[in-house]
Asks: 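First the structure, which I've put down as structure tokens, then a few questions once you've had a look.
Each chain gets a letter, A, B and so on, in the order its sequence line appears, and its residues count up from 1. If you're wondering where the values come from, they're calculated on a predicted model, not measured in any experiment.
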Number of protein chains: 2
Amino acid sequence: MFSQVVTKADAIHKLQDQGINPTQQRIVIAQLLFSRPQHLSADQVLMSVQDSGTHVSKATVYNTLSLFAEKGLVKEVIVDPSKVFYDSNTDLHHHFYNVDTGELEDFANSNMAIEAMPELPQGTHLDGVDVIIRVRNTSA
Amino acid sequence: MFSQVVTKADAIHKLQDQGINPTQQRIVIAQLLFSRPQHLSADQVLMSVQDSGTHVSKATVYNTLSLFAEKGLVKEVIVDPSKVFYDSNTDLHHHFYNVDTGELEDFANSNMAIEAMPELPQGTHLDGVDVIIRVRNTSA
DNA sequence: GTCAGTGCAAACCCTTTGCAGAAAG
DNA sequence: CTTTCTGCAAAGGGTTTGCACTGAC
């Protein structure tokens, strides 16, 4: 049960640190997300929270995840055209994406070095660098 | 007009080289795509082809783009949760994505060096590496 | 004739929106 | 009270599907 790992008080602090009003629903979603580093779709969050006995609506899950992403508590991972994943690991890192299974796996930034960075287009500044290593199952 | 750059015969050859039956619609879509390296959404392809006077249905555009992607004639670029871009440049390269404008821009692989590649997850083999450098407009 | 390819409209699925009701201080 | 948040259901938008029609050998 994720609440063993992240207490309600922990979650509240984490939200308040980012200036987020810690409501019931936001606290529960935060507890779920930060129980461990993981990649969850909005739908998975919705179902997990509902399974834990708290009532949350779909709209609130989407609102909350967008808010968390905006405040830097989670990071959106865009690898699959059909849905967005929310990554509760905000350390600098990148992803393996298994095209066959849809699984997403982290790899540490330290395991990869980007030697030279190209010059950015005029009038722009860096927002972030995503490296996605797409893999397939070998047997298949 | 794109047909000046890629003749119908060129397009037919390109399709046949990949074992694709060169139908009317596929030829026109190929001519559009390969007139120059570019990033187009399915909807943009649909509108461009229709503007050029050829009748194509939405379903055929989606079918064709999927087919081309499968055969390696174009590459799907997934940077925006709301739609897929199809890149007619299949050389090894990566992308700048302007989060503010939605613009996609290539940068050559030679402008960037990936020093160390992490070990792939067990039982998987490499499918591809996508590097997306997200940028924002500086003034905004 | 045969079979792949195409077109149309409806279905799908994730996400967003509008707005009324609930919660918190 | 007032403001913010939540919930519900409907709408939105890109993509897929089902199925009948077309067209090229």
Asks: So, does S57(B) get its side chain near the phosphate of dT6(C), meaning an N or O under 4.0 Å from OP1 or OP2?
Replies: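 Checking dT6(C) against S57(B), no side-chain N or O comes under 4.0 Å of OP1 or OP2.
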
Asks: Choose from dT17(C), dT6(D), dT16(D) the nucleotide whose nearest atom is closest to any side-chain atom of K58(B).
Replies: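 Comparing dT17(C), dT6(D), dT16(D) against the side chain of K58(B), the answer is dT16(D).
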
Asks: If only atom types and distance count, is the side chain of E103(A) paired as donor or acceptor with the main-chain N or O of N98(A) below 3.5 Å?
Replies: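 Not confirmed, E103(A) side chain does not pair with N98(A) backbone.
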
Asks: Starting at atom CG of L46(A), determine the distance to atom P of dG7(D), rounded to an integer number of angstrom.
Replies: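 That distance rounds to 10 Å.
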
Asks: When you measure from the side chain of K83(A), which nucleotide among dT15(C), dG14(D), dA9(D) comes out closest?
Replies: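 For K83(A), the side-chain atoms sit closest to dT15(C).
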
Asks: L15(A) CG to dA24(C) C1': how many Å, rounded?
Replies: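 It works out to 16 Å between those atoms.
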
Asks: Between the main-chain N or O of V56(B) and the side-chain N or O of T60(B), is there a donor-acceptor pair closer than 3.5 Å?
Replies: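 Not confirmed, T60(B) side chain does not pair with V56(B) backbone.
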
Asks: For dT22(D), take OP1 and OP2 only and decide whether either is under 4.0 Å from a side-chain N or O of H55(B).
Replies: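 No, because none of the side-chain N or O atoms of H55(B) sits under 4.0 Å from OP1 or OP2 of dT22(D).
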
Asks: Side chain of V84(A) only, please: which of dT15(C), dT6(C), dA9(C) is the nearest?
Replies: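 Given the options dT15(C), dT6(C), dA9(C), the side chain of V84(A) is closest to dT15(C).
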
Asks: When the distance from CD1 of I27(B) to P of dA24(D) is rounded to whole Å, what number comes out?
Replies: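 About 11 Å, once rounded to whole Å.
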
Asks: Donor-acceptor check, side chain of R136(A) to backbone of T124(B), threshold 3.5 angstrom: yes or no?
Replies: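 Answer holds: no.
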
Asks: Would you say dT15(C) has OP1 or OP2 under 4.0 Å from some side-chain N or O of Y62(A)?
Replies: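 Yes, Y62(A) has a side-chain N/O under 4.0 Å of OP1/OP2 on dT15(C).
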
Asks: Could you pick out which residue, P81(B) or N21(B), lies toward the 5' side of DNA chain C when each is mapped onto its nearest nucleotide?
Replies: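 Its nearest nucleotide being more 5', the pick is N21(B).
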
Asks: Do any side-chain nitrogens or oxygens of T23(A) fall under 4.0 Å of OP1 or OP2 in dA24(C)?
Replies: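 Result: no.
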
Asks: Provide, to the nearest angstrom, the distance between the CG atom belonging to D43(B) and the P atom belonging to dT15(D).
Replies: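 Atom-to-atom, D43(B) to dT15(D), this comes out as 8 Å.
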
Asks: Counting only side-chain nitrogens and oxygens, does Q25(B) get under 4.0 Å of the OP1 or OP2 atom of dG7(C)?
Replies: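 Result: yes.
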
Asks: Find the distance M47(A):CE to dC13(C):P and express it as a whole number of Å.
Replies: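 Those two atoms, CE and P, are 13 Å apart.
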
Asks: In whole angstrom, give the distance that lies between atom CD of Q16(B) and atom P of dC25(D).
Replies: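 It works out to 11 Å between those atoms.
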
Asks: Measuring from the side chain of Q24(A) (C-beta onward, heavy atoms only), which nucleotide among dA24(C), dT15(C), dT6(D) has the closest atom?
Replies: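 Out of dA24(C), dT15(C), dT6(D), the nucleotide with an atom closest to Q24(A)'s side chain is dA24(C).
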
Asks: May I ask you to evaluate whether T60(A) reaches the phosphate of dG7(D), defined as a side-chain N or O under 4.0 Å from OP1 or OP2?
Replies: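 Answer is yes, contact under 4.0 Å.
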
Asks: For the backbone of L73(A) and the side chain of T90(A), can you confirm whether one donor and one acceptor N or O come within less than 3.5 Å of each other?
Replies: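 No; judged by distance alone, with no hydrogens or angles, the pair does not exist.
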
Asks: With no hydrogens and no angle check, just 3.5 Å: does a side-chain donor-acceptor pair link D106(A) and H93(A)?
Replies: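 Side chains of D106(A) and H93(A): pair found under 3.5 Å.
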
Asks: Measure from CZ on R26(B) to P on dT22(D) and round the result to the nearest Å.
Replies: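 After rounding, the reported distance stands at 19 Å.
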
Asks: Please report, rounded to the nearest Å, how far the C1' atom of dG14(D) is from the OH atom of Y86(B).
Replies: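 Whole-Å distance recorded here is 10 Å.
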
